[in-house]
Protein chains: 2
Amino acid sequence: MSMLEATLIGMSLRHGILGLLSIRPGSGYDLLNWFQETLANVWPATQSQLYGDLNKLASDGLIEVTSTGARGRKEYALTSAGREELHHWLVDVEPNRVRRNDMLLRVFFFSLLSRDEARALLERERAVFAEAGDGMRELEKSVDWTQGPLADNGRIALEWGLRYTKMQQEWADWALEQLDTER
Amino acid sequence: MSMLEATLIGMSLRHGILGLLSIRPGSGYDLLNWFQETLANVWPATQSQLYGDLNKLASDGLIEVTSTGARGRKEYALTSAGREELHHWLVDVEPNRVRRNDMLLRVFFFSLLSRDEARALLERERAVFAEAGDGMRELEKSVDWTQGPLADNGRIALEWGLRYTKMQQEWADWALEQLDTER
DNA sequence: CTGTACATGTAATACGTTACATGATTCA
DNA sequence: TGAATCATGTAACGTATTACATGTACAG
């Protein structure tokens, strides 16, 4: 059991950082771009939080500054403790499955709405996820899925997104039918 | 446009409270139970946060204490401002669609794992969602879906859960196949 | 020489969890 | 009378967002 276990449970932004740094070293600025390019859909990161967590990871000894460059650039790399912690998190830490969904919360109070208002919400839901699905199919075409370790696995995550957006649309269609048949 | 709009965007626990109080008045203790019975899967609430938010809603004039009982019990009811805010949130506020998923985050770093380690994660994922789906199908049988305004809409939310858990299992199966065919 | 990109940080605020803290009422 | 339930609250901490703040290097 890692000595650092207690301090790192559930802090997934930091594990995302460790994961990206396991592929290649980089600065906070690099990491921000990599997050936006690859992990944005599963774990969005803001600039502010990223820099703070980099300093925490460094002071915990999980990453270290390996070189400094122009404009105060600090290049970070994983330490061996960081690599251990990353592996530990991947295989031993139960994923957090708590989900909050404020569309579904709204659904519970549909009785307060007119049929047209409820229909508008569901149609918007269907449209938003149809568009998200289109975006993912475009991404699927535009990325070279054979290049690099992230791409290979990214395809598996993208498949989840494709299935999720499809499910959302089908559910919204089903719910729209309920609106007509019930009541 | 509501004067309170700025203060209530994104605070969905409070809207969950408003929604439950729209059905019938109740105490913090009542609300805690109602959350656990009905909304737990879409918006979990802790006792601590609930009592704090009740006081905030009351000081914002969205709910009010309508009677006090034994053991310091305070029964809350919606005010007309609260009812307005609830309707406004339902129809005018764009749902927050930001999702974080630390299983998918792990997927991006599957290259760091052996095939057996990756397989174990995906099999666990499939098992967890199979069990969750079973629980939902039991719930479906045990609840009288014709009784009360929450049940009617709860069935629509449950349908989402049934489809979501099914999708997760199918995705995990697909990903397990990829593990065998690729690499 | 000017704008864009590179580069890092802090402060204020909000939301959420866990643990701590206290006490009244009811029922067996 | 003791245990379970009813009932409300605070404190400490962690995570996330937005806005603020500052400055360097490079390319056209």
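Quick note on labels: first sequence line is chain A, next is B, and so on, each numbered from 1. Predicted model only: the values in this text are computed from it and were never measured.
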Colleague: Measure from the side-chain heavy atoms of Lys74(A) and tell me the nearest of dA11(D), dA7(C), dG9(C).
Modeller: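 Taking heavy atoms from C-beta onward, the closest nucleotide is dG9(C).
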
Colleague: Tell me whether the guanidinium CZ or amine NZ of Arg24(B) lies under 6.0 angstrom from the six-membered ring centre of Trp34(B) and within 45° of its axis.
Modeller: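 Here Arg24(B) passes the 6.0 Å and 45° test against Trp34(B).
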
Colleague: Write down the distance between CZ (Phe35(A)) and P (dA7(C)), rounded to a whole number of angstrom.
Modeller: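 The answer, rounded to whole Å, is 17 Å.
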
Colleague: Could you check how far CD of Gln36(A) sits from P of dC6(C), rounded to whole Å?
Modeller: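 Checked: the CD to P distance equals 11 Å.
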
Colleague: By nearest atom, which of the nucleotides dT5(D), dG14(D), dT24(D) is closest to the Met11(A) side chain?
Modeller: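 Closest nucleotide to the Met11(A) side chain: dG14(D).
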
Colleague: Of Asn55(A) and Trp43(B), whose nearest nucleotide on DNA chain C comes first from the 5' end?
Modeller: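 The answer here is Asn55(A).
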
Colleague: Taking 4.0 Å as the cut-off, does a side-chain nitrogen or oxygen of Arg100(B) come that near to OP1 or OP2 on dT17(D)?
Modeller: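 Answer is yes, contact under 4.0 Å.
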
Colleague: Can you say whether a donor on the side chain of Thr46(A) sits under 3.5 Å from an acceptor on the base of dT18(D), or the other way round?
Modeller: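 Flag unset: no donor-acceptor pair detected.
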
Colleague: How close or far is atom C1' of dT5(D) from atom CZ of Arg71(B), stated in whole angstroms?
Modeller: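 In whole Å, dT5(D) C1' and Arg71(B) CZ are 7 Å from each other.
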
Colleague: To check you understand the geometry: which heavy-atom pair defines the closest contact between Val65(A) and Thr68(A), and what is its length?
Modeller: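 Looking at all heavy atoms of both residues, the shortest contact is CG1-CG2, 4.0 Å.
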
Colleague: With nearest nucleotide decided by heavy atoms, which residue, Gly72(A) or Val98(B), maps closer to the 5′ end of DNA chain D?
Modeller: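 Per heavy-atom nearest nucleotide, the more 5' residue is Val98(B).
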
Colleague: Taking atom types as they are modelled, would you say the side chain of Ser48(A) forms a donor-acceptor pair with the base of dA11(C) within the 3.5 Å cutoff?
Modeller: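 Per atom types, the contact qualifies.
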
Colleague: Rounding to a whole Å, what distance do you find between Glu75(A):CD and dC6(C):C1'?
Modeller: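 Value for this atom pair: 14 Å.
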
Colleague: What is the distance from CZ of Arg99(A) to P of dT17(C), rounded to the nearest Å?
Modeller: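 Nearest whole value for this atom pair: 13 Å.
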
Colleague: Between Tyr51(B) and Gln47(B), is any side-chain donor less than 3.5 angstrom from a side-chain acceptor?
Modeller: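 Judged by distance alone, the side chains do not pair up.
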
Colleague: Return the orientation label for the Tyr164(A) and Phe129(A) ring planes: parallel under 30°, perpendicular over 60°, tilted otherwise.
Modeller: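 The arrangement is perpendicular - the two ring planes meet at more than 60°.
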
Colleague: What distance separates Leu21(A) CG from Leu31(A) CG, expressed to the nearest 0.5 Å?
Modeller: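 One finds 5.0 Å between CG of Leu21(A) and CG of Leu31(A).
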
Colleague: Arg14(B) side chain N/O closer than 4.0 Å to the phosphate oxygens (OP1, OP2) of dC15(C)?
Modeller: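 Arg14(B) to dC15(C) OP1/OP2: side-chain N or O found under 4.0 Å.
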
Colleague: Distance check needed: dT8(C) P versus Lys56(A) NZ, whole Å only.
Modeller: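 Lys56(A) atom NZ is separated from dT8(C) atom P by 17 Å.
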
Colleague: Taking the side chain of Gln49(B) as its heavy atoms from C-beta onward, which of dT10(D), dC15(C), dA19(D) lies nearest to it?
Modeller: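 Of the options given, the side chain of Gln49(B) lies nearest dC15(C).
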
Colleague: If you compare every side-chain N and O of Tyr51(B) against the phosphate oxygens of dG9(D) (OP1, OP2), does one of them come in below 4.0 Å?
Modeller: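 Answer is no, no contact under 4.0 Å.
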
Colleague: Rounded to whole angstroms, how far apart are CG on Asp30(B) and P on dT5(D)?
Modeller: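 Rounded to the whole Å, the gap is 16 Å.
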
Colleague: Rounded to the Å, how far apart are Asp53(A) CG and dT17(D) C1'?
Modeller: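 Taking CG of Asp53(A) and C1' of dT17(D), I get 13 Å after rounding.
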
Colleague: Nearest 0.5 angstrom please: Arg163(B) CZ to Arg163(A) CZ, how far?
Modeller: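 Rounded to the nearest 0.5 Å, the CZ-CZ separation comes to 15.5 Å.
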
Colleague: Within the structure, does a side-chain N or O atom of Arg73(A) lie under 4.0 Å from either OP1 or OP2 of dA7(C)?
Modeller: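 Looking at the OP1 and OP2 atoms of dA7(C), one of them is under 4.0 Å from a side-chain N or O of Arg73(A).
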
Colleague: Categorize Ser27(B) for me: base, sugar-phosphate, or nothing, with a 4.0 angstrom heavy-atom threshold over every strand shown.
Modeller: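 Answer is sugar-phosphate: Ser27(B) comes under 4.0 Å of backbone atoms only.
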
Colleague: Consider the side chain of Gln47(A), meaning its heavy atoms from C-beta on, and name the nucleotide among dA7(D), dT18(C), dG9(C) that approaches it most closely.
Modeller: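 For Gln47(A), the side-chain atoms sit closest to dG9(C).
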
